[in-house]
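Naming: A, B, ... by sequence-line order, numbering from 1 per chain. Everything numeric in this text was worked out from a predicted model, so none of it was measured.
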Amino acid sequence: MGHLRNAILGYTFVRLLRSAGTHVDVQNYIDNTGVHAADVVVGFTRLQKNSKAEIEKLIRQPRFDYLCWDVYTRVSQWYEQDKTNLQVRLDSLHAIEQGGNEAAEIGELISTAVLRRHLETMLRLDIEYDFLPRESEILHLHFWEAAFALLKEKGVVTLVTEGKNKGCWVMKRSSSSEAADDEENQKVIVRSNETVTYVGKDIAYHLWKFGLLGRDFGYRKFFKYPDGHEVWISAEQGEAQHPHFGGVSAIYNVIDSRQADPQNNVIEAIRALGYEEQARHYHHFSYEMVALTPRCAAGLGYQLSPEDEQKSYIEVSGRKGFGVKADDLIDTLIAASQREVESRHPELSQQECTAIAAAIAIGALRYFMLKYTKASVIAFDVKDALSFEGETGPYAQYACVRALNIFRKAGIDPEKALAEEINYDQFLAGEEGNEIWELWLAASKLGYTVDQCIATTEPAYLAKYAFQLAQLFNNFYHKHHILTETDEARKKFLLATTAVVRRELVRALALMGIAVPAVM
RNA sequence: GGGCGCGUAGCUCAAUUGGAUAGAGCAUCAGCCUUCUAAGCUGAGGGUUGCUGGUUCGAUUCCAGCCGCGCCUACCA
């Protein structure tokens, strides 16, 4: 679910930027090294005692990522049971880092399979990436060495000769205003065993993003989306022909708020290297986590402590196997909307029903993830997410369907209705005219809303806007029965009003990735 | 201890960057389908915007101090 909020927020912002004429590359950082990767390898090889051949078979199962989720949970418990098991993790970690052995091959196999599953899940939401930079290439192509040389040269990192951080290269922690003499204010970039920390790798990655590193990835085609769009992945040995990534003028990192501190450290490092301009265009697009309400967690069968039951939300945990999987949530939403569509439209074919149900389910999910401002923790409740009434995606979709139905029954093209010659002064005058004028005014504010969303990096304003416009329209729809209007001039005016509102509402929804079905 | 963020109706959230009587949805209650689809509409109840001060013609918004909650504060990523 966290991934859903991340991707939906991020990709909506991409659409907003692109609609404003900005060229945007969408990247997804693939964290395929480190303890997570090592743990999953340990799970398959030690706990499940799977051979490489068996794992090759397993990754072809439909939802291999679900298996990984379970294995990951079991491994975490296995470590908990007996701390000496942690030595196995360490061995796995070292083997993967060294490469050229079976553990490394299995790690590669699994992480690539999970990545493919991730792309498939995101594709259900029409979210596509352009480039997938992997941490393994950042290490193997020596991005860090290049960055380290720059950081040392400018004195951004210094070697600590005594104290608890002895032997480490550290930088001043961004959140402290004090000098870096105090250990509390030191952020370790290179460990005493000479390995680099996550922040160090991220500094190198971001120098590359800005085109300041002097090195580049190799690029390989990874996956072709059904629409023909190709997503590229980093590689040590790339293809000769490839698009150009990196060297950008601005960065929006869609990362949850818990990583504010490391993000700020990266920004500080870039600033300290003398790249003030780039530092100012480095945006941490920060959002809060998705948690579960105690009621929802209990409903999913999790045992709660009395303490947890009192909280308004409970943080999910992959290690505890505690959470809701994206594909399950999407499946549940589609099933619920499918039942509804079938009961409303028995005349439609199974295929048509499924397509409509998918559009409604995705609309509900996307709207749900966008209606909250980024700084708000989403206390997820299945009941709320499954609701198709009130402030939801389907509510706005429904308003569009109603509008289009009027034109369908009247046999009129909405665009033609707008081109008609209409005496607006006459119909917009007076008390009743004021109400309809408000509708026109609201319809005209999409561009302003988009600008505001971009300036504040807050897509929730767009969601609010769409809902309010839909609400005004439903009001108007109820009050004025258009097809039975006997005054032809007035009828044209009402049709034009409907057409303009529908057009802007469809646009607003499209920016959020919400499609409007033909009927619902 | 330090850093960041939050506190608004029973619940979940808004409030267009300091403007008019603080608004929505859910939930509760009362109505509206022979009509362009009721996934809708109308109405009712529900508020000392955590507390105390300050700045201002005006504060949910800005400032200070308290109280409460969350996250971060790893030689994890």
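- Using a 4.0 Å heavy-atom distance criterion, K166(A) is classed as a base contact.
- When the side-chain nitrogen and oxygen atoms of R258(A) are compared with OP1 and OP2 of C4(B), none of them lie within a distance under 4.0 Å.
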Stepwise side chain to side chain contact (heavy atoms under 4.5 Å, CB included) test for L4(A) and V290(A): CA-CA 9 Å; L4(A) 284 177; V290(A) 183; over 6 Å; no

Dot-bracket encoding per residue of RNA chain B, Watson-Crick/G-U cut-off under 3.5 Å, | denoting interstrand: (((((((..((((.....[...)))).(((((.......))))).....(((((..]....))))))))))))....

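- Counting any heavy atom pair closer than 4.0 Å across all strands shown, I360(A) reaches a base atom.
- Using a 4.0 Å heavy-atom cutoff across all strands shown, V519(A) reaches at least one base atom of the nucleic acid.
- In this structure, of C36(B), C75(B), C26(B), it is C36(B) that holds the atom nearest to the side chain of I482(A).
- Comparing the C1' positions of G40(B) and U60(B) gives a spacing of 32 Å, expressed to the nearest Å.
- The side chain of Q471(A) places an N or O atom within less than 4.0 Å of a non-bridging phosphate oxygen (OP1 or OP2) of G25(B).
- Spacing of C1' atoms, U16(B) relative to C72(B), comes out at 31 Å, to the nearest Å.
- For F285(A) and F13(A), the gap between ring centers is short of 6.0 Å.
- Checked against the 6.0 Å centroid threshold, F143(A) and F217(A) count as a close aromatic pair.
- Side-chain nitrogen and oxygen atoms of R173(A) include none within less than 4.0 Å of the OP1 or OP2 phosphate oxygen of G3(B).
- Nucleic acid contact class of F388(A) (heavy atoms, under 4.0 Å, all strands): base.
- Among the heavy atoms of the strands lying under 4.0 Å from H345(A) is at least one base atom, whether or not backbone atoms are also near.
- Nucleotides C29(B) and C36(B), compared at atom P, are 31 Å apart to the nearest Å.
- For the OP1/OP2 pair of U12(B) and a distance below 4.0 Å, the side-chain nitrogens and oxygens of Y313(A) include no atom meeting the criterion.
- Rounded to whole Å, the P atom of G5(B) lies 29 Å from the corresponding atom of C57(B).
- When the P atom is used for both A15(B) and G50(B), the distance is 15 Å, rounded to whole Å.
- Rounded to whole Å, the separation between the C1' atoms of A44(B) and A27(B) comes to 14 Å.
- In this structure, V401(A) reaches the bases: a heavy-atom distance under 4.0 Å links it to at least one base atom across the strands shown.
- For U42(B), one of the phosphate oxygens OP1 or OP2 lies less than 4.0 angstrom from a side-chain nitrogen or oxygen of N475(A).
- Under 4.0 angstrom from either OP1 or OP2 of A77(B) there lies no side-chain N or O belonging to R134(A).
- Here the two rings, on Y302(A) and F322(A), have centers that are under 6.0 Å apart.
- Heavy atoms of T484(A) sit nowhere under 4.0 angstrom from any nucleic acid atom.
- Glycosidic conformation of C57(B) is anti; the angle lies outside 90° of 0.
- Between Y205(A) and W208(A), the two ring planes are parallel [angle under 30°; tilted spans 30° to 60°].
- The pair K416(A)-E420(A) fails the salt-bridge criterion, with no side-chain N (NZ, NE, NH1 or NH2) lying under 4.0 Å from an Asp/Glu carboxylate O.
- Distances shown here put every side-chain N or O of R89(A) at or beyond 4.0 Å from the OP1 or OP2 atom of C76(B).
- Separation of the P atoms belonging to C71(B) and G10(B) is 26 Å when rounded to the nearest angstrom.
- Between K445(A) and E504(A) there is no salt bridge, since no side-chain N of the basic residue sits under 4.0 Å from a carboxylate O of the acidic one.
- Note on N405(A): a base of the nucleic acid sits closer than 4.0 angstrom, heavy atoms only.
- For S257(A) against C71(B), no side-chain N or O and base N or O form a donor-acceptor pair under 3.5 Å.
- Heavy atoms of R408(A) sit nowhere under 4.0 angstrom from any nucleic acid atom.
- If you check every strand for non-hydrogen atoms under 4.0 Å, F467(A) touches sugar and phosphate atoms only.
- In terms of position on RNA chain B, the residue among S376(A) and V341(A) whose nearest nucleotide sits closer to the 5' end is S376(A).
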Show every donor-acceptor pair shorter than 3.5 Å between a side-chain atom in residues 35-44 of chain A and any protein atom, with sequence neighbours excluded, or say none if there are none.
unit_1	atom_1	unit_2	atom_2	d
D39(A)	OD1	Y79(A)	OH	2.8
D39(A)	OD1	R89(A)	NE	2.9
D39(A)	OD2	R89(A)	NH2	3.1
D39(A)	OD2	R319(A)	NH1	3.2
D39(A)	OD2	R319(A)	NH2	3.0

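- Each of Y461(A) and K164(A) has a nearest nucleotide on RNA chain B; the 5'-most of these lies closest to Y461(A).
- Comparing the C1' positions of U21(B) and G58(B) gives an interatomic distance of 15 Å, to the nearest angstrom.
- Residue contacts for E135(A): at a heavy-atom cut-off of 4.0 Å it reaches the sugar-phosphate backbone alone, with no base atom in range.
- For an aromatic pair to be called close, the ring centres must be under 6.0 Å apart, and Y367(A) with Y395(A) fails this.
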